[in-house]
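The figures that follow rest on heavy atoms only: side chains count, while hydrogens, waters and symmetry mates do not.
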Amino acid sequence: QDLLALLCDSVALGGNVLLNVGPMGDGRFSRHSQGQLAVLGAWLRIHGEAVFGTTPGPFGRRSWGVSTRKGNTVYLILFRPTSPMRIHGLNNIVKRARLVDSPVDVAFSQRGGLLEFEVPQTGKGPSVVALEVDGVPCADNTGITQEADGRIVLTANAACLHGSGAAQPRISRSPDALGGKLHGWTQIGDSVSWTFTVDEPGRFAVSYEFNCTDQTNMYGRRAEISVAGQTLRTSIPKSGSYYAINRSRVAGRFVLSAGTHTLTIKPYMLESGLLMTLRAVTLTRVAEGGC
């Protein structure tokens, strides 16, 4: 998934990928390299039209993934699909939507700049939906909006960084269609924030995707999450390997009204080392009385 995200992110930004793999002393490629290349090759054999000969798509990075374009066709590369998918900001009329790995057309509805459709999961790796549109593809940057299933996904790439240093924040991003990563979070004065829009108000559970291999006691590594005058605090547990991304739930709920809100995360205890590497925060709307 990480290699596929790197490939798709690079293509969606107008670049190429050069993987640093080479033969061993006897001329063979290692099994590890062969396995990685096989995964990329299998996905490209089916979805290559969304990569080869394309240019950057009109959407940039969104919480669901990235886009590319070829002529009047926009390819949505969906790493985080929802059911249904809700795409904001498209300024073109969609004439047809189809899955790249299937001959089946995708049923959709379009109202102004809002496009909705269902995405059946048909294989490993990200699904790709091709939109054939009227005219040159163009989209507005609508900011972070609520998904059709009520969730709000705040990815690392969409975060605003606030640093304690005199020059720049000590937190840095990594380009990644899965959402990116905020890493190097070692200063208690560093924080991140997102501004987003709520269409369907209610109570929201909070979870975050992260990695932390620091051996520091988790109770000496704590963060607070604040939005709309409400604050929740959580300890950051130690996770698995450096490359594994884990999910943790935060005790408590936020109550959010319709409108624009800003969520902020900052450490309130950081004895030493790293707070965490953060990929995304998800606010999940829960039913009244739900857990």
Side-chain angles (χ1 to χ4, degrees), residues 1-2 5 61 63-65 79-83 144 146-147 149-162 169-174 176-196 198 202-228 230-256 261-287 290-291:
Q1 285 289 93
D2 285 341
R61 293 190 183 110
S63 62
W64 41 261
F79 282 87
R80 293 172 178 271
T82 59
S83 182
I144 303 171
Q146 195 167 8
E147 307 286 354
D149 60 3
R151 291 185 304 159
I152 301 162
V153 181
L154 310 173
T155 61
N157 280 330
C160 294
L161 312 182
H162 311 282
R170 297 176 183 270
I171 303 168
S172 58
R173 314 171 201 261
S174 68
D176 190 322
L178 285 167
K181 295 175 184 175
L182 297 173
H183 50 82
W185 203 333
T186 59
Q187 304 297 311
I188 198 164
D190 292 344
S191 64
V192 298
S193 67
W194 297 262
T195 298
F196 57 91
V198 174
R203 297 166 62 244
F204 291 82
V206 186
S207 63
Y208 58 97
E209 299 170 33
F210 77 106
N211 175 275
C212 186
T213 58
D214 199 310
Q215 297 293 333
T216 303
N217 187 307
M218 62 183 284
Y219 296 106
R221 187 173 58 237
R222 304 184 185 185
E224 64 179 30
I225 306 173
S226 303
V227 64
Q230 306 159 71
T231 298
L232 299 175
R233 287 184 166 182
T234 183
S235 298
I236 310 299
K238 181 180 180 296
S239 62
S241 72
Y242 176 80
Y243 297 100
I245 295 294
N246 300 268
R247 182 183 290 271
S248 183
R249 297 178 63 183
V250 178
R253 300 285 185 268
F254 287 128
V255 178
L256 300 179
H261 300 278
T262 298
L263 181 143
T264 301
I265 301 180
K266 63 181 181 180
Y268 75 93
M269 184 180 293
L270 188 56
E271 292 180 349
S272 63
L274 180 72
L275 179 67
M276 62 174 158
T277 294
L278 181 66
R279 172 168 280 174
V281 177
T282 300
L283 304 176
T284 302
R285 190 171 181 272
V286 296
C291 298

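- In this structure, the side chains of L256 and L283 come closer than 4.5 Å at one or more pairs of heavy atoms.
- No side-chain heavy atom of W194 sits under 4.5 Å from any side-chain heavy atom of I152.
- Across all non-hydrogen atoms, the minimal contact from N211 to A244 is ND2-O, 2.6 Å.
- Interatomic distance, I188 CD1 to K266 NZ, rounded to the nearest 0.5 Å: 9.5 Å.
- For the atom pair Y208 OH and L278 CG, the distance stands at 9.0 Å (nearest 0.5 Å).
- Side-chain contact, S193 with T264: no donor N or O sits under 3.5 Å from an acceptor N or O.
- At least one donor-acceptor pair under 3.5 Å links the side chain of N157 to the backbone N or O of D176.
- Side-chain contact between F210 and L275 is absent, with no heavy-atom pair separated by less than 4.5 Å.
- Put simply, CZ on F204 and CZ on R285 are 6.0 Å apart, with the number rounded to the nearest 0.5 Å.
- Using a 4.5 Å heavy-atom cutoff, the side chains of K238 and C212 are not in contact.
- Considering only heavy atoms from C-beta on, W185 comes within 4.5 Å of I265 through its side chain.
- Considering only heavy atoms from C-beta on, L182 comes within 4.5 Å of L161 through its side chain.
- Between the CE atom of M269 and the CD1 atom of I236 there is a distance of 12.5 Å, given to the nearest 0.5 Å.
- Between R203 and R253, the shortest heavy-atom distance links the atoms NH2-CG, 3.7 Å.
- Ion pairing between a basic and an acidic side chain is recognised when a charged N comes within 4.0 Å of a carboxylate O; R221 and E271 show no such pairing.
- Summarising the geometry of P81 relative to R151, their closest heavy-atom pair is O-NH2, 4.2 Å, with the distance given to 0.1 Å.
- Remark: D2 engages R279 in a salt bridge, criterion side-chain N to carboxylate O under 4.0 Å.
- Every side-chain hydrogen bond (donor to acceptor under 3.5 Å, both in side chains) that S63 has, sequence neighbours left out, goes to E147.
- To the nearest 0.5 Å, the span separating NE2 on H261 from CD1 on I144 amounts to 13.0 Å.
- When every heavy atom of T155 is checked against every heavy atom of R80, the shortest pair comes out as CG2-NE, 4.4 Å.
- Taking 4.5 Å as the limit, every side-chain heavy atom of T231 sits out of range of all side-chain heavy atoms of Y268.
- To the nearest 0.5 Å, atom CG of residue L274 and atom CD of residue Q187 are 11.0 Å apart.
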(request) Show your working on side-chain hydrogen bond (donor to acceptor under 3.5 Å, both in side chains) between R247 and S207 and close with a plain yes or no. (result) CA-CA 7 Å; R247 182 183 290 271; S207 63; 3.0 Å; yes
